[in-house]
**Student:** 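Got a structure for you, written out below as structure tokens; questions coming shortly.
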Amino acid sequence: MNKDNAFSSEELKKRLKKGLELKHFSSIDSTNSEARRLIKNGAPLPLLVTAEEQTSGRGRQGKSFYSPKDTGIYMSLALGFCESADRLLYLTSAAAVAVCTAIEKLTEKKPEIKWVNDIYVENKKVCGILCEAVSLKGSTAVIIGIGVNISTSVFPDDAPQAGCLGCRVNRAVLVSEITDNLLALSESGADSFIDYYRRHSMLIGRDIVFTLNNKKTAATVTGIDDSFALCVVTESGEIKRLTGGEITVRTADSQ
């Protein structure tokens with residue numbers, strides 16, 4: 001491995017602006033699963049778990065996240081958490097902005113956000129985000145899992161939209177940049193990044209199909225509100241505010 005792309009706890013500690021508990025693994029089943037185990041056993045927050053490979057990486061809706069060794073970054077940031085499901089949506093949105101700003105700073109790529117948890121570059125998914133709340137004694141934590149494909153070139157057949165950044169980027173620098181961004185955004189309030197989020201949305205004005213409670217509905221995205229909910233109007237004219245569900249962009253072939 002190139003020395004300038006070393007990916008280790010020592011390299012990460014040198015680059016992180018804020019001190020936090022850090023656990024780095026050569027290989028792990030899932031950084032989200034490991035973060036859950038650690039905080040259940042009393043690990044202090046905030047906690048950052050990173051890995052060079054995941055053998056059972058997880059995405060939303062029970063999907064897997066392909067995580068081969070040395071070709072991407074796989075990380076989970078665990079924070080103290082309270083309030084409601086709106087807070088989970090806020091933190092997922094903050095994570096999307098943290099990733100996009102890091103990519104723009106460190107590469108020449110132009111990332112876009114596919115609400116609610118995917119980052120696309122050149123119409124290919126290069127990043128997935130998974131937020132999970134964890135109940136603790138007397139409190140709740142949230143684990144924000146982030147996987148970014150940097151140079152992954154071969155993907156499973158069930159991931160036809162997957163792609164990678166396809167450029168040189170130091171993994172330790174990328175992880176530290178995302179982490180520092182996300183720690184700052186988690187405390188800054190929506191006003192500090194809602195405009196950036198909207199500018200980078202790949203859905204506003206697009207025709208979509210959203211799946212909620214196993215029901216598929218065709219709609220057009222009209223905007224993203226101040227709580228990061230997706231605003232849509234269905235083909236029957238009904239206005240809806242979505243805080244969850246699965247989104248598929250409609251194309252000429254799918255209509």
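As the structure is a computational prediction, the values presented were derived from the model and not from experiment.
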**Student:** Supply the atom-to-atom distance Ile143 CD1 to Leu45 CG, rounded to the nearest 0.5 angstrom.
**Tutor:**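 It comes to 9.0 Å.
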**Student:** Okay, side chain of Asp225, backbone of Ser227: is any donor-acceptor separation there less than 3.5 Å?
**Tutor:**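 Judged by distance alone, yes, a pair lies under 3.5 Å.
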**Student:** Between Lys69 and Ser26, does the side-chain hydrogen bond (donor to acceptor under 3.5 Å, both in side chains) criterion hold? Intermediate values first, please.
**Tutor:** CA-CA 8 Å; Lys69 193 171 183 63; Ser26 174; 2.8 Å; yes
**Student:** Could you tell me whether a side-chain N or O of Ser67 sits under 3.5 Å from a main-chain N or O of Phe65, the two making a donor and an acceptor?
**Tutor:**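 Judged by distance alone, yes, a pair lies under 3.5 Å.
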**Student:** If you define the side chain from C-beta out and look only at heavy atoms, does anything of Phe193 sit under 4.5 Å from Thr101?
**Tutor:**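 Phe193 vs Thr101: side chains apart.
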**Student:** Once rounded to the nearest 0.5 Å, what's the spacing between atom CD1 of Ile103 and atom CD1 of Ile178?
**Tutor:**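 Output value for this atom pair is 6.5 Å.
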**Student:** Any non-hydrogen side-chain atom of Leu89 less than 4.5 Å from a side-chain atom of Val116?
**Tutor:**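 Result yes, sub-4.5 Å side-chain heavy-atom pair found.
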**Student:** Locate the shortest heavy-atom distance separating Lys40 from Ser135; write the atom from each residue and the value.
**Tutor:**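 Scanning both residues, the minimum pair turns out to be NZ-O, 2.8 Å.
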**Student:** The test is side-chain contact (heavy atoms from CB on, under 4.5 Å); show your working for Ile224 and Ser201 and say whether it passes.
**Tutor:** CA-CA 9 Å; Ile224 295 167; Ser201 170; 3.9 Å; yes
**Student:** Heavy-atom distance under 4.5 Å between the side chains of Asn170 and Leu106, does that happen here?
**Tutor:**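 They are not in side-chain contact.
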**Student:** For atom NZ of Lys216, is the number of surrounding heavy atoms from other residues, nucleotides or ligands below 6.0 Å larger than 12?
**Tutor:**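 Not more than 12 within 6.0 Å, no.
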**Student:** Mind checking whether Val142 and Phe228 sit in one hydrophobic cluster, side chains of I, L, V, M, F, W, Y counted as touching below 4.5 Å?
**Tutor:**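 Yes, Val142 and Phe228 fall within the same hydrophobic cluster.
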**Student:** Just so I know, are the side chains of Ser186 and Leu91 near enough to count as touching, which here means a heavy-atom distance under 4.5 Å?
**Tutor:**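 Heavy-atom side-chain distance check passes, below 4.5 Å.
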**Student:** Quick one: do Leu230 and Ile194 end up in the same hydrophobic cluster if we chain Ile, Leu, Val, Met, Phe, Trp and Tyr together by side-chain heavy atoms under 4.5 Å apart?
**Tutor:**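 In one cluster with Leu230: Ile194, yes.
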**Student:** Are Val175 and Ile28 connected in the hydrophobic side-chain network, where two residues link if heavy atoms are under 4.5 Å apart?
**Tutor:**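 Unlinked, Val175 and Ile28 end up in two clusters.
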**Student:** If you count heavy atoms of other groups shown closer than 6.0 angstrom to NZ of Lys109, is the number above 12?
**Tutor:**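 Counting other residues, nucleotides and ligands, NZ of Lys109 exceeds 12 neighbours.
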**Student:** Charged N to carboxylate O under 4.0 angstrom, Arg198 versus Asp226?
**Tutor:**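 Here Arg198 pairs with Asp226 in a salt bridge, since their nearest N and O are under 4.0 Å apart.
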**Student:** For Phe25 and Tyr74, I'd like to know if the aromatic rings sit close, meaning centre-to-centre distance below 6.0 Å.
**Tutor:**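 Not close enough - the centres of the two rings lie 6.0 Å or further apart.
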**Student:** Quick check: do Met75 and Thr31 have side-chain heavy atoms less than 4.5 Å from each other?
**Tutor:**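 No, too far: nothing below the 4.5 Å cut-off.
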**Student:** Tell me whether Val232 shares a hydrophobic cluster with Leu212, the cluster being built from Ile, Leu, Val, Met, Phe, Trp, Tyr side chains joined at under 4.5 Å.
**Tutor:**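 Yes, one cluster joins them.
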**Student:** Hey, is Arg37 close enough to Glu34 for a salt bridge, meaning N to O under 4.0 Å?
**Tutor:**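 Between Glu34 and Arg37 there is a salt bridge, with a charged N closer than 4.0 Å to a carboxylate O.
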**Student:** I need the Glu21 CD to Leu48 CG distance, nearest 0.5 Å.
**Tutor:**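 Atom-to-atom, Glu21:CD and Leu48:CG are 10.0 Å apart.
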**Student:** Could you report the tightest heavy-atom contact between Lys124 and Gly163, atom names first, then the distance?
**Tutor:**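 Nearest pair, atom of Lys124 first, then Gly163: CB-CA, 3.8 Å.
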**Student:** Measuring from Trp115:CH2 to Leu203:CG, what's the distance to the nearest 0.5 Å?
**Tutor:**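 Between Trp115 CH2 and Leu203 CG, I get 9.0 Å after rounding to 0.5 Å.
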**Student:** Taking all atoms of both residues into account, what is the closest heavy-atom pair of Ala159 and Phe155, and its distance?
**Tutor:**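 Minimum heavy-atom contact is O-CB, 4.3 Å.
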**Student:** Any chance you could lay out the side-chain hydrogen bond (donor to acceptor under 3.5 Å, both in side chains) test for His24 and Glu52, step after step, and finish with the verdict?
**Tutor:** CA-CA 8 Å; His24 178 76; Glu52 297 171 51; 3.1 Å; yes
**Student:** Taking all atoms of both residues into account, what is the closest heavy-atom pair of Ser9 and Leu22, and its distance?
**Tutor:**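 Smallest heavy-atom distance, with atoms named: O-CD2, 3.7 Å.
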**Student:** Are Arg250 and Glu235 within salt-bridge range, i.e. N to O under 4.0 Å?
**Tutor:**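 Salt bridge between Arg250 and Glu235, a charged N being under 4.0 Å from a carboxylate O: yes.
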**Student:** Looking at OG1 of Thr50 and CD1 of Ile146, how far apart are the two atoms once the value is rounded to the nearest 0.5 Å?
**Tutor:**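 Separation between the atoms: 12.0 Å.
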**Student:** Measure the spacing between CG of Asn149 and CD1 of Ile73 and express it to the nearest 0.5 Å.
**Tutor:**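 Reported to 0.5 Å precision, the distance equals 9.5 Å.
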**Student:** Where is the tightest heavy-atom contact between Pro111 and Val121, given as atom of each residue plus distance?
**Tutor:**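 Heavy atoms of Pro111 and Val121 come nearest at CA-CG2, 3.9 Å.
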**Student:** Out of Lys110, Gln161, Lys114, Lys125, which one pairs with Tyr120 under the side chain to side chain donor-acceptor pair (under 3.5 Å) rule?
**Tutor:**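 Passing option: Gln161.
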**Student:** Does a side-chain heavy-atom distance below 4.5 Å link Ile239 with Thr222?
**Tutor:**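 No, every pair of side-chain atoms sits at 4.5 Å or beyond.
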**Student:** Should the heavy atoms of other residues, nucleotides or ligands under 6.0 Å from CD of Glu122 be counted, would the total exceed 12?
**Tutor:**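 Check fails, neighbour count at 12 or below.
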**Student:** Is the shortest side-chain heavy-atom distance between Thr217 and Val209 below 4.5 Å?
**Tutor:**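 No, their side chains stay 4.5 Å or more apart.
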**Student:** Search all heavy atoms of Ala78 against all heavy atoms of Ile39 and return the closest pair with its distance.
**Tutor:**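 Smallest heavy-atom distance, with atoms named: CB-CG2, 4.3 Å.
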**Student:** Could you see if Leu174 belongs to whatever hydrophobic cluster contains Ile119? Use Ile, Leu, Val, Met, Phe, Trp, Tyr and a side-chain cutoff under 4.5 Å.
**Tutor:**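 Hydrophobic grouping puts Leu174 with Ile119.
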**Student:** Quick one, Glu11 and Arg171 - any side-chain contact, counting heavy atoms below 4.5 Å?
**Tutor:**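 A side-chain contact is absent here, since even the closest heavy-atom pair is not under 4.5 Å.
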